[in-house]
Amino acid sequence: MLQFYSGSGSPYAWRVALALEFKKIPYKLHMLSFSNGDHQSESYLAINPRGKVPAIVDDGFALYESAAILEYLDERYPDAPKLFPGDAKQRALIRRTCLEIDSYLAPEIHEVAKQLWMRPKEEWDHDALRNGHGSVFRVLDGFAERLRGDHLCGDARSAADLTLYPYVMIVPVVIQRVKVKC
């Protein structure tokens with residue numbers, strides 16, 4: 001059975017969990033505790049030397065980096081629903097959208113989250129929070145403009161939707177935290 005290593009709050013691990021569920025791939029979940037340092041344990045570093053989540057071990061093959069895991073799952077389990085459906089052009093659009101989410105949206109959310117969760121309130125840079133908040137919504141607006149129905153890339157759910165979803169769910173939590181704390 002596929003082994004899935006995750007950690008609470010990781011949007012990268014969340015997208016792999018969504019993919020496993022979408023494709024109905026049986027797996028055993030290993031929830032790592034960041035506060036206990038599970039991700040830095042010798043046994044986990046043997047699976048992922050970067051000490052981050054997610055990672056999988058499938059039939060003795062260890063793989064980390066969520067984008068690579070999604071592609072692997074699609075190829076390894078071809079009879080399950082596709083994460084990268086369509087022809088070469090459609091699959092390229094899905095891959096590009098996933099890269100755009102990771103390259104443009106994720107860094108903006110991470111900057112805001114670092115302020116909110118890694119610094120005491122009295123050390124928050126309120127200008128950076130306001131700017132970050134605006135940047136997050138500008139990037140999200142760009143993705144919203146692409147929606148044609150319920151999905152980012154075509155008529156079916158794809159890796160692009162699973163990559164964006166965790167961030168869309170994180171944004172309201174971040175906004176609420178800013179409103180409560182500022």
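Between the side chain of Asn36 and the backbone N or O of Asp38, no donor-acceptor pair lies under 3.5 Å. Within the 3.5 Å criterion, the main-chain N or O of Tyr64 finds no donor-acceptor partner in the side chain of Asn48. No donor-acceptor distance shorter than 3.5 angstrom exists from the side chain of Gln90 to the backbone of Pro85, with no hydrogens or angles considered. Looking at Asp102, its side chain never comes within 3.5 Å of a backbone N or O of Leu99 through a donor-acceptor pair.
Considering only heavy atoms from C-beta on, Leu73 comes within 4.5 Å of Leu20 through its side chain. Counting heavy atoms from C-beta on, the side chains of Val57 and Leu2 never come closer than 4.5 Å. At a threshold of 4.5 Å between non-hydrogen side-chain atoms, the residues Arg76 and Phe61 do not count as touching. Residues Phe143 and Glu100 have side chains in contact (heavy-atom distance under 4.5 Å, counting atoms from C-beta outward). Looking at Tyr72 and Ile56, their side chains come closer than 4.5 Å, going by heavy atoms from C-beta outward. Under the 4.5 Å side-chain criterion, counting only non-hydrogen atoms from C-beta, Asp74 is in contact with Lys82. Using a 4.5 Å heavy-atom cutoff, the side chains of Arg15 and Tyr167 are in contact. Between Val16 and Ser6 there is no side-chain heavy-atom pair separated by less than 4.5 Å.
Aromatic ring pairs are classed by plane angle as parallel below 30°, tilted from 30° to 60° and perpendicular above 60°; the pair Trp14 and Tyr165 is perpendicular.
A continuous path of Ile, Leu, Val, Met, Phe, Trp and Tyr side chains, each step under 4.5 Å between heavy atoms, connects Val168 with Phe137, placing both in one hydrophobic cluster. When hydrophobic clusters are built by joining Ile, Leu, Val, Met, Phe, Trp and Tyr residues whose side-chain heavy atoms come closer than 4.5 Å, directly or via intermediates, Ile170 is grouped together with Ile101. Residues Phe84 and Phe22 are members of one and the same hydrophobic cluster, defined by side-chain heavy-atom contacts under 4.5 angstrom among Ile, Leu, Val, Met, Phe, Trp and Tyr.
Rounded to the nearest 0.5 angstrom, His151 NE2 and Leu164 CG are separated by 13.0 Å. For the atom pair Ser10 OG and Tyr5 OH, the distance stands at 16.0 Å (nearest 0.5 Å). Taken from NZ in Lys28 to CZ in Phe4, the straight-line distance is 14.0 Å, to the nearest 0.5 Å. Note: Arg95 CZ to Glu71 CD = 4.0 Å, rounded to the nearest 0.5 Å. To the nearest 0.5 Å, the span separating CG on Leu32 from NZ on Lys52 amounts to 14.0 Å.
Of all heavy-atom pairs spanning Lys23 and Tyr77, the tightest one is NZ-O, 3.2 Å. When all heavy atoms are compared, the tightest approach of Leu70 to Ala159 is CD1-CB, 3.9 Å. Considering every non-hydrogen atom in both Ala160 and Ile94, the closest pair reads N-CG2, 3.8 Å. Nearest approach of Val139 to Glu108, heavy atoms of both residues: CG2-CG, 4.5 Å. Considering every non-hydrogen atom in both Leu93 and Cys153, the closest pair reads O-SG, 3.9 Å.
Crowding of Phe34 atom CZ: a count of heavy atoms from other residues, nucleotides or ligands under 6.0 Å exceeding 12. Within 6.0 Å of CD on Glu122 lie more than 12 heavy atoms contributed by other residues, nucleotides or ligands. For Arg157, the CZ atom counts as loosely surrounded, since its 6.0 Å shell holds 12 or fewer non-hydrogen atoms of other residues, nucleotides or ligands. Taking a 6.0 Å sphere around CG of Asp155, one finds it holds 12 or fewer heavy atoms contributed by other residues, nucleotides or ligands.
A distance of 6.0 Å or more separates the ring centres of Tyr44 and His39.
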For this session: Take Asp58 and Ile25 through the side-chain contact (heavy atoms from CB on, under 4.5 Å) test and state the conclusion after the steps.
Result: CA-CA 11 Å; Asp58 186 29; Ile25 299 169; over 6 Å; no
What verdict does the side-chain contact (heavy atoms from CB on, under 4.5 Å) test give for Glu21 and Tyr27, after you've listed the backbone C-alpha separation in whole Å, the side-chain angles of each residue and the deciding distance to 0.1 Å?
CA-CA 9 Å; Glu21 292 294 327; Tyr27 63 94; 2.7 Å; yes
